[in-house]
Amino acid sequence: MSSDEIPTLNRAQREACERLDGALLVVAGAGTGKTRVIEERTARLLERGVAPERVLLMTFTRKAAAEMLERAALRHPLARRVDGGTFHHVAFRIVARNFRALGLSGPPTVIDTDDAANAVAAAIQRLGLQRDRRRRLPRKGALQAAFSRATNLRAPLADVVARDLPDFADEVETLQRVRRAWSEYKLERGYVDYDDVLVMAAKLLGLPEVRDRVAAAWSHVLVDEYQDVNAWQADIATALAAPHGNLMVVGDPKQSIYGFRGARHEKIVGFADDVPGAAVVHLTDNYRSTQAILDVANAVMAQMASRIDRPLRAAARPGGERPRLTVVEDERAVADLVADALQERLGDPGALGGHAVLVRNAYLSVPLQGELLRRKIPFAVFGGLRFTEAAHVKDVLAGLRILHNGFDELAWLRLLQLLDGVGETTAARWFADFSDPDALAATGDGGPLARARRRGEQVASGKTRAGLQELIAALDRAERAVSVAESYDQLLAWYLPVLSRRHPHEPYRQQDLAFFRVVVERYADLGALLADLALDPETTRQAVHAGAPDAAEGLRPVTISTIHSAKGLEWDHVVLVGVDDRTLPSPWAVRRAARDGDEGELEEEKRLLYVAVTRARERLDVVHALFGRQGLQRLSRFLEDPGVQATLDVATSARATFADEGGATLERGGLLAALAGDEDG
DNA sequence: TACATGAGGCTTTTT
DNA sequence: GCCTCATGTA
């Protein structure tokens, strides 16, 4: 938020800042200074004498919270100490401190989606279902997704299965059994996935005595991006504020883009009804963008089926350059065009950081990344595959997880299977031996690692023996290490040869692991590191290292981001690429609308475009490639809309030509005709 | 029991 | 087109 550009608070902002007590809903359009309001209101609470630790600020990414508090600190020095974090962080703290009330024997381990799916596979195996050839099951990932969706929407599994896994509609009872076995498996092993964290916290807060004890820590609760909360998160927020009623939520229903994750933008629309006595403030003056950019946003908004608000009005930047829609030949040409534009800014230190390239799907930026690498233009990537999801990072993390919790089965299985000659069965058998509770009690081994150290010789035979012993020796050295970083080094010393054997031609993996050490170094406590990595991949993204390492120093990199990850951010110049009708809207949303008559997802895709457009301050470029992976592609229906077209300057690159069936080449006029045509393949 | 091979299903966005 | 799972083979 460009708070520095708002000279004074306007009337609505002032009202929102001054209402320090009670329930308050702030409906803030894009760029209307809601962040400024949160900062200012926080400062006023501190001025009034509220201790910073008593203020809780919840958002969806920790970075957003940290930046907000950093800026608030300019107004009040104590703001940096305000208690802030993501919903998942706060929920995890609550769960970890109250694990006994949940019947757990210790604080749980957070697992990511991938391991949650692995746990589904383990549950299926335990039920003996995988041997049954007559009844096939969905893949583990599809099952995990269905279970997650049911949890997030608080919907019956049957509904989700009917919608997402229609082939298995007759098997709902079996799937239900898998879901129960899966939950039991996770509970037994002390694993919590992202959904469990929220559900457990909400359940705990449903116990009045726990709620009052936990909630007593804070006197004021502030929630940003409330349009993206799901039912569990809304419950957590209201429970934490229940004792005092000081709950401020801020959001914009038109920017709700997490419906797939169970976000319920009705929660913000209905907030005033759910919370009696809540005051409502609307922020409508936009301080971020030029009017020319807002004209595009307004034209997109006009296509929305519901809640057509008053158009955004540029309060600080009237006029402005008209956004441009450029049509080029293909992906390659898109990458060239963008790279050309960025290269011009290379001579202008600091300017590069003012640019962002936004995409609907993470993989769409791959050709551009290649081109920027080639030209040594530094960039940072947000969204898509996260660093900790890369196989090589997960391998080393598995070692750290074992040090943290010797009973971490998924981590053991992962590491053991890296050994030559060891597959699923052997790994499972070894782990069963190492973790056998009776044997552990009988022999006095402290845990699986200690037992593995003694048993290594006996369980393994022949060629696998040496491999197992090397692994155990490495874990042993890592365990004795005096710091987390040293443990990491010990594991790495063992792992790097394994890595070069498995991926001999991918040196980037080693670079990743070297880069990752910088993250590891920051932690003195292994448990904190692992919890943060699972809950907050944001801070450990595959980031600048992807850019040219030998680029001139001090250049702030260009941002490449998914639209989702760009939420809440802004840049002087935004380039939106991948705007064909098979990308934005996504084919799933289109299919859902055509088949089930459910326009909900299509509406969300419109909001996605709205979010993308409103990230730009001064200049907006939309680049469309005529040819994609599936041949000729039409421009997004949302951009073809006459209202939107009227706000854009349309340009066609001279290179954008294509051959029709007869081999003739069309240019300009022909291209535009093709854009408007209804043939899409 | 590890690994190769083939068939089939699913393909996005994030904590 | 890619990943996952199941079956066949050494």
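Order of the sequence lines sets the chain letters (A, B, ...), proteins ahead of strands, with each chain counted from 1.
For Asp598(A), there are no salt bridge (charged side-chain N to carboxylate O under 4.0 Å, His left out) partners at least two apart in sequence or on another chain. Under the salt bridge (charged side-chain N to carboxylate O under 4.0 Å, His left out) criterion, Asp83(A) pairs with Arg93(A), sequence neighbours left out. Remark: Asp224(A) pairs with Lys34(A) by the side chain to side chain donor-acceptor pair (under 3.5 Å) rule, at least two apart or across chains.
Straight-line distance from the CZ atom of Arg149(A) to the C1' atom of dT14(B): 14 Å, rounded to whole Å. Atom-to-atom, CD of Gln144(A) to P of dC5(C) comes out at 13 Å; the value is rounded to the nearest Å. Between Phe382(A) atom CZ and dT13(B) atom P there is a gap of 16 Å when expressed in whole angstrom units. Taking atom CD on Glu424(A) and atom C1' on dA6(C), their separation rounds to 12 Å, with Å as the unit. Going from atom CG of Leu602(A) over to atom C1' of dT12(B) covers 15 Å, rounded to whole Å. Computed from coordinates, the Glu603(A) CD to dT13(B) P distance equals 22 Å when rounded to whole Å. Rounded to whole Å, atom P of dT14(B) lies 15 Å from atom CD of Gln233(A). Look at CZ on Arg592(A): it is 14 Å from C1' on dT13(B), rounded to the nearest Å.
For the atom pair Leu205(A) CG and Asp235(A) CG, the distance stands at 9.0 Å (nearest 0.5 Å). Rounding to the nearest 0.5 Å gives a distance of 9.0 Å between CZ of Arg261(A) and CD1 of Ile257(A). Here CG of Asp164(A) is found 11.5 Å from CG of Leu143(A). Values are rounded to the nearest 0.5 Å.
At the heavy-atom level, Phe60(A) lies under 4.0 Å from the strands shown only through sugar-phosphate atoms. Here Tyr258(A) lies in heavy-atom contact (under 4.0 Å) with sugar-phosphate atoms only. The residue Thr583(A) sits apart from the nucleic acid: no heavy atom pair falls under 4.0 Å. Ala589(A) comes within contact range of no nucleotide atom at all, as no heavy-atom separation falls under 4.0 Å. Arg429(A) comes within 4.0 angstrom of sugar-phosphate atoms only, judged by non-hydrogen atoms across all strands, and of no base.
Applying the 3.5 Å distance criterion, the base of dT15(B) shares no donor-acceptor pair with the side chain of Arg261(A).
Ring geometry for His564(A) against Tyr258(A) counts as perpendicular: the plane angle is over 60°, on a 0 to 90° scale with 30° as the lower cut.
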| Dot-bracket summary - DNA chain C, pairs being Watson-Crick or G-U whose distances fall under 3.5 Å, with | when paired to another strand | .|||||||||
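Nucleotides dT12(B) and dC5(C) are separated by 23 Å at their C1' atoms, to the nearest Å. Atom name P, nucleotides dT13(B) and dT4(C): the rounded distance is 15 Å, in whole Å.
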| task | Could you go through the salt bridge (Lys or Arg N to Asp or Glu O under 4.0 Å) check for Arg615(A) and Glu570(A) one step at a time? | result | CA-CA 5 Å; Arg615(A) 297 310 94 198; Glu570(A) 60 177 22; over 6 Å; no
| Trace of the side chain to side chain donor-acceptor pair (under 3.5 Å) decision for Tyr610(A) with Gln303(A) | CA-CA 10 Å; Tyr610(A) 178 82; Gln303(A) 297 177 59; over 6 Å; no
Can you name the atoms? Protein N/O to nucleotides 9-11 of chain B N/O, anything below 3.5 Å, with the distance.
from   : atom 1 : to        : atom 2 : distance (Å)
dG9(B) : N2     : Arg139(A) : NH2    : 2.9
dG9(B) : N3     : Arg139(A) : NH2    : 3.0

What pairs of nitrogen or oxygen atoms, one from the protein and one from nucleotides 3-7 of chain B, lie under 3.5 Å apart?
none

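Taking the centre and axis of the six-membered ring of Trp232(A), the NZ or CZ atom of Arg154(A) falls inside the cone set by 45° and 6.0 Å. Both tests do not hold together for Lys267(A) against Tyr226(A): distance to the six-membered ring centre under 6.0 Å, angle to the ring axis within 45°.
Looking at Asp580(A) and Arg634(A), no side-chain N of the basic residue comes within less than 4.0 Å of a carboxylate O on the acidic one, giving no salt bridge. By the 4.0 Å N-to-carboxylate-O rule, Arg592(A) lies close enough to Glu601(A) to be salt-bridged with it.
When distances are taken from the side chain of Tyr194(A) to each of dT15(B), dT1(B), dT14(B), the shortest belongs to dT15(B).
Proximity of Ser565(A) to the phosphate of dT13(B): no side-chain N or O atom is located under 4.0 Å from OP1 or OP2. Checking the phosphate oxygens (OP1, OP2) of dT14(B), a side-chain nitrogen or oxygen of Thr562(A) falls inside 4.0 Å.
Where Thr86(A) and Thr426(A) each meet DNA chain B at their nearest nucleotide, the meeting point lying more 5' is that of Thr426(A).
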